[in-house]
Each structure stands twice: as C-alpha cells, then as structure tokens.
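Notes follow the structure.
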Amino acid sequence: MLTVLMFCTHYSTKNKKRKGERENWRSGDRTPSPLPSPRRRLSVMAKICYQILKYNGQGAMAWKLNNLSSLTTNNQKFTTSEIPTCLVLKFIKHLYSSSTPHLECVNLGHGFNSDTFYASLIDNSTHEIHLNQIHSRIVVSGLQHNGFLITKMVNGSSNVGHIGYARKLFDEFRFPDVFLWNAIIRSYSRSDMFGDVIEMYRSMRWAGVNPDCFTFPYVLKACTELLDFRLTRIVHGQVFRHGFRSDVFVQNGLVALYAKCGLIGNARVVFNGLYDRTVVSWTSIISGFAQNGEAIEALQMFNQMRNTDAKPDWIALVSILKAYTDVDDLEQGRSLHGCVIKMGLEHEPDLLISLAALYAKCGQVTVARSFFDQMEAPNVIMWNAMISGYAKNGHAEEAVNLFRDMILRNIRPDSVTVRSTVIACAQVGSLELAQWMDDYVRKSKYESDIYVNTALIDMYAKCGSVESARRVFDHTSHKDVVLWSAMIMGYGLHGQGWEAINIYNAMKQARVCPNDVTFIGLLSACNHTGLVKEGWELFNCMKDFGIEPRNEHYSSVVDLLGRAGYLDRAYAFILKMPVEPGVSVWGALLSACNIHRHVKMGEYAANKLFSLDPYNIGHYVQLSNLYASSRLWNRVAHVRVLMKEKGLSKDLGYSLIEINGKLQAFHIGDKTHPRAEEIFDELQRLERRLKEVGFIPHTDSVLHDLNYEEKEENLSIHSERIAIAYGLISTAPGTTLRITKNLRACINCHSAIKLISKLVAREIIVRDANRFHHFRDGCCSCGDYW
DNA sequence: TACTATGAAC
C-alpha cells in the first residue's frame, strides 16, 4: 500500500508533465508510460492503480491501449450482451482517463455496474490486461466479494494462460464455494499442472467443501496423467461415496483413467455399468483397448458403437489407426481405411494424416504421398510424416527435397521436421548437404535442441567429418546420455577407438550414466580399432551399470575375439550366452572364420545363419569366399547352386562421389560418364604409378569375391577406383575426396587407395558398408582393421 | 458459472 501512496503522490506533484507523456503512449510508443494521475487526491483512481500494480506488477502496461479519442458514446446505451469487446475496452479506457470516472460510469446506465455486465466483459477478454482492468472495476464497484464474478475471473485468467493470477484471485477470496474450487482446479488442469489439481482437491476437502459432478472429471484426468494407482483407488472410492455412480461425465473419466493405467478390465466394468453412453464413453474404451495393444477388441467396440445412437466420429478411428501403425499392421490398416471411406470420413484432415503416417511407416510412401497431395494445406505434422516416411524407407533425397519445398512454401518446420531432415541428410552421406543443414539449424531456433544436435553429430559422423561432429558436440551445453553415445558411435565409425574411450571417461566424469547403446558404440569402436583387451573389459563392466547385454553386445564381443584370432574363445563365448544367439552373433563368427580360414566352424555358423536368415545373400557369399580361400571349389559351386535355388543374386557394387554438390554414381567398369575417356586415362596413369612403386595386386580377392562385385580380371576398375579417378580430374590439387560405397571395400582396392593417397597427395575418405576409411599419406585410419 | 475422451512426427 505504501508503494501505491508514493505512486500517487509522485504523479500528483508532476501533474504538468503528464500531458506530454500521454501523447507519447497514444502515438504508439511501446515503453510503458507513467500512469496519469488523478486530479483529486484519494480518488477512485488510486484504488485502481493499486489493483493493477498488485495483480499485474506492471501497472503502466494497462495504459497502452489506443484509439481513446474516438469514443463518443456517452449517451449511447447498450444492453450488456451486445457490447462488443473493443467498445467495452474503449469505455474502460475512457473511464480511466476521465477526471471523474465513477460519475461517468453511472451516467452510462445502471446495467454497467451489474455482475452480468462484468461477466460479459470477462468472457470477452483475450488478454491479461483486460482482466486486470475489469478486476479493478470490480473492486471499485465493491463487488470483490461476489463469488460468481471471482469465479468468472479465475476462469478468465486461466483461459488467457495466466494461472498465477488465477491463484491470487482465489487466495484472496475468503470462503470459496464449490464453483470457485472447481474453477481453480480446472485452471490447473488446463495448464497441465496435475499435481496442483490433486493438491487443490485435497485442500477443498480439507476446507469441508463437497466435490460435485464437475470436480471429478478434472480430478480423474489428473489421476490419469499422474498414473497414480493408489490415488486412483481413493478417488474412485470418493466418487462412489458422493453418489456419482451414474454421472456420465464422471464415469467417462473413470473409464479413461483405468484404460490409461493399463487396467482395461476395470475400464470395461465401468463402461458396462454405464446405461447412457456418449461418444466420449465409446472413444475412451476404444482408445483404451487400442493403447493396450488390443486392436481387434478396439475394432469390435467401434463396430458396436456404430449400431448405437452415439454418432461415431473420427477420433476413435485415429486411436485404432495408431494401434495398427505401432505394430506395422498394414493389412488391418488398409481395411480400416476402407471403413473410413464407407463412413464418408475420408476428407477429415486428421484422419488423412493418421492414414498417411500408417502408410509411410509401412513403406507405402507413394500412397502416403497421395494423401499428402490431396490435402489443401497440409500441416507440419503431415509434412513430418512424409519426411520421416521417406527417410525411413531409403528415400533420403526425397525427404530432403520435401524439406526444401517446405521452406520455399514458408511453412515453419518444427523440431521434429528438423530432426527428421538431419537424419535424412545422414543417410544421403553428402558432407556438403550436411553443412547446409547445419547452417540451417544454426540459424533456426533449434540450435540448442538436444535432439537436433544429437542427430547432427550422427549426421556429421556418417558424412565423414568426425571433426565437425565433435564441434557440434562441444557446442552443446547440456549433454545427455544419447548425445554422448552418438559421439562415441561417431568415433567408432571412424576407427578412433581411443577417442571413443576418452569420451566415455569424460562422460563418466560428467556423472552421466551410460546405457546399453553407449556400450554398443564403445564395443564397436573397439572392434574397428582392434582394441581387444579394452573391449573385453568394457563388456564386463556393463553389469556394474545394471545393463543386460543384448545380441548386439554379444556379437561385438564375438567379432572382437574372432577377428583377433581367438576363434575358440569366441565360440565358447557364444555357447555361454544367456540369450539365444541371433543373426548378428553367428554372422560375426562366420566373418571371423573367413578371415582366419576356419572352414569347419565357418560352416557351422553359416548353417545357423541359413536357418535363421535364409534370404540374406551376404551369408552365402561369405561361405563361398571361405571355401574359395581354402580352394574347396566343389563346395563353392554348391553354395552357388544354393543361392540360385533361393533366387538370390548378388548386389551390384557402386560408388558415389560428390563434385560441386552433384552426386555421381559409378558401377564397376563404368564408361557411361561423358568424361569416361579422361577418367580411364587417369586410371591407367594411376595404375602405372602404382606399379612403379612396386604395388602387387592381391589377386586372391578376385577369388574371394570379398566385395561381392562381379569377378573381374582388372581390379583397377572397381567402382571406387573410377570414382577416385573422376575426383582427381575434377577437383583442385589437394582437395579431399569423399566417396561412399554400398559394399565393403575389397582388400586390393584398400591397399591400392592407401598408396594412391600418398602418390597424389590427397586425403581420400571412403565410407563403405561398415565404416569410414581415411586414407592419408599411404596409411588408412582403420589400421587395416575392418 | 463449467466438465470428460482422442491423434498424427520422434
């Protein structure tokens, strides 16, 4: 109060200055101007100032409304219901700036002081400032103890998103009735502050006020959100005791609550007990079934619903669709789609989005796209469904193009869009694109979004620049376990096992607890670097963190041991596994047998693989290579027959290189490029120089077919070599060449590229199917460990 | 004076 008095004194002494300042705020100056002072001391205005200051903390803000001069409606009369908000506000402003506000108010008619008038003002308010002013008027009119009006005020405050103001209003009211209690409970519910809902509910009961049929829906919703089973039981008991066993709103709340808690049986009992079922009751039980993975039950319920008076709407369908999307059930989704058409709901935008999401997730990108194209104005979520659908199904370029489209059309991407696009960029593998995307993120508001940054780290690692990945990592201030793990993975991919371990140690220092994924990254980093001892130790300390190893972890260890030549240990390790060994485990053993030419064990592993994963060509090729390296030609032929029987043919190898932002693909012996002649000249030149320095091709790999490419007499025309030659003639000396290959690099090319990097003094970065190879000055970052 | 259900991206 002291502040207010000072405030008023202050302004009455500076009365002369006032006029100029008023001009100022009227002309649109946004800095809060001082309040005009009342001409008469101790006027009504002082009270108003007080209220505004108290409830808003920014009293001057209240005076920033304009167009004051146009109000000349003193003699005009409105009934309360027809007063438009703008006029009301003009009126209030006029009232406030007038020298005799109270009198003018009276002049305007009696209706302007009634509670219905204020109720209409409150209902029309769209901003906290309006409410502040109305509240001031209420206080001035002596209506501050009117429970109805204060309830309205509380509701109004929560509608404009000001829960703190609502709470202040509530706290100042001495004896809140059930309406006011409901209003404050509702306010918390609307602000998703469910803990407070329960707290207020408790206080309400403590104050001896009985909850009514409007109280329980909010309380039940809060129980649903908090997933507090103990509380649920208590509240259910109270519902029972207060006699709301047949109130459909309350009972609907209970159905939803039990369904969300996973107690679908209880939900069903409550639902069956309802004799008056509304759309909401049906939707609650249907989505309950859908969320609990009982899609068939949900659909049956939906069909039942269609035979009732409750007109089914699309909401229930959305939750059933979601259930199908979650389990990739395209067939059921399709039949539901038919249902949607039969019901004439196929133009409902939200259903279209759900359908598109289903089709996109199940790989039917074209169908999803047709929905997308059908929509007049697809929203962000629709764009996101398309972008991530494309990215997930190997159409990464399409995803990026869609993102560009989106920007061109001025549709604001959200963090999910950005993240999905970054993931797509990672798949494309172009560093230039990666940098473009990074730039975009830096300029957007998602610069410090941890999910986006995690995706960026992964993207840079996959696009060949572990340094850039590290830069993003260093610039992210809050690091969670996923971000740390992404960085560890990145180092692993580039064969920098020690860096990965350093990061892991730093992570522990930062008191971030590793998870299963962290260890997958660490173990694969050890694999790619040949750190057998370290990998083994890391595997063994997983249990210290309470992490149960999965197949991925076991296969890493098998790989680690097997590659280092400890085949028997690897085999014994598999036998001791507490879970059934999967494809990755036997695959690791087979490839280790391949390296060390252990035919017997390799055959054993291959047979396991053939029964677990019969249509994966890789296993057959591996076995065939194993036989070939042991010169068991009959068996090689036998494997070939097996492959033919299964109708499997080998993947064609190709390499990509990006020159000036354009991706160029080359197949083996590819002469289709316009500059093919120059390319092959360059290849021959390279070949000559290799011979000069004494390079001897490993002819073995022709037999081995290690990289799955067709058997060729001339190893120098493997696709990565052509890409390198093209890169050399198309870029300035010293430029780093970045190549992506769909298969593993063959040992011959690997050795040749090492030398080439030295001969042409270039860094050559090759991303093969497994990892990155950085060739520089005659060496490869993988240390021949791949 | 007012109430409950629901979903799409990751």
Side-chain angles (χ1 to χ4, degrees), chain A residues 115-116 119 122-123 146-156 158-159 177-187 189-190 211-222 224 244 247-257 259-260 267 271 274 277-288 290-291 298 310 312-323 325-326 348-361 368 371 378-389 391-392 399 413-423 449-452 454-455 482:
Chain A
D115 51 0
T116 43
I122 296 166
D123 287 345
N146 182 319
F148 167 70
L149 279 184
I150 299 304
T151 303
K152 276 270 179 197
M153 279 297 294
V154 169
N155 282 332
S158 86
N159 285 342
D177 59 359
V178 65
F179 289 106
L180 192 49
W181 278 106
N182 286 348
I184 192 69
I185 289 174
R186 181 185 102 112
S187 303
S189 178
R190 287 197 133 204
D212 67 3
C213 62
F214 287 93
T215 319
F216 281 114
Y218 302 119
V219 176
L220 290 168
K221 186 186 162 77
T224 309
F244 295 110
D247 185 285
V248 70
F249 282 93
V250 178
Q251 296 297 312
N252 285 349
L254 278 170
V255 171
L257 168 56
K260 265 269 171 65
F271 178 82
L274 276 171
R277 292 167 191 159
T278 63
V279 191
V280 177
S281 328
W282 284 99
T283 309
S284 303
I285 193 80
I286 289 169
S287 59
Q291 283 160 3
D313 59 11
W314 50 270
I315 297 181
L317 282 168
V318 165
S319 42
I320 304 176
L321 272 174
K322 150 117 167 101
T325 309
D326 283 346
E348 179 59 52
D350 287 347
L351 261 183
L352 278 182
I353 296 173
S354 293
L355 281 168
L358 170 83
Y359 282 111
K361 180 155 185 263
F371 287 116
N379 66 5
V380 189
I381 294 173
M382 186 58 156
W383 284 89
N384 290 350
M386 279 318 300
I387 291 176
S388 74
K392 256 186 244 160
D414 67 3
S415 69
V416 177
T417 327
V418 175
R419 205 164 118 206
S420 312
T421 313
V422 174
I423 292 169
D449 184 303
I450 190 159
Y451 296 104
V452 171
T454 306
V482 186

* To do: State which residue, out of A:Ile185, A:Val154, A:Asn155, fulfils the side-chain contact (heavy atoms from CB on, under 4.5 Å) condition with A:Leu180.
  => A:Val154

* Select base, sugar-phosphate, or nothing to describe what A:Trp383 touches, counting heavy atoms under 4.0 Å on all strands. => nothing

* Under 5.5 Å between ring centres and under 30° between planes: does that hold for A:Phe249 against the base of B:dC3? -> yes

* Just call it for A:Ser284: base, sugar-phosphate, or nothing, with non-hydrogen atoms closer than 4.0 Å on any strand. => sugar-phosphate

* Asked: Base, sugar-phosphate, or nothing: which does A:Ser354 touch, judged by heavy atoms less than 4.0 Å apart?
  -> sugar-phosphate

* Counting any heavy atom closer than 4.0 Å, what does A:Asn155 reach on the DNA or RNA strands: base, sugar-phosphate only, or nothing? -> nothing

* Asked: Quick one: is B:dT6 close enough that its OP1 or OP2 comes under 4.0 Å of any side-chain N or O from A:Thr283?
  -> no

* Please determine if a side-chain N or O atom of A:Lys260 lies less than 4.0 Å away from the OP1 or OP2 oxygen of B:dA5. => no

* With a non-hydrogen cut-off below 4.0 angstrom, is A:Lys361 in contact with a base, only sugar-phosphate, or nothing? -> nothing

* Asked: Does OP1 or OP2 of B:dC3 have a side-chain N or O of A:Lys221 closer than 4.0 Å?
  -> no

* Asked: What does A:Phe214 touch in the nucleic acid at a heavy-atom separation under 4.0 angstrom: a base, only the sugar-phosphate, or nothing?
  -> base

* Structure fact -> Picking from B:dT6, B:dA9, B:dT4, the nucleotide nearest the side-chain atoms of A:Pro217 would be B:dT4

* So with a 6.0 Å cut-off around OH of A:Tyr451, is the heavy-atom count from everything else above 12? -> no

* Answer with yes or no whether the side chains of A:Ser284 and A:Ser281 bring together a donor and an acceptor at under 3.5 Å. => no

* **Between A:Arg186 and A:Asn159, a side-chain donor and acceptor under 3.5 Å** => yes

* What is the distance, rounded to the nearest whole Å, between atom OH of A:Tyr451 and atom P of B:dC10? -> 13 Å

* Asked: Looking across every strand, which nucleic acid part, if any, lies under 4.0 Å from A:Gln291 by heavy atom: base, sugar-phosphate, or nothing?
  -> sugar-phosphate

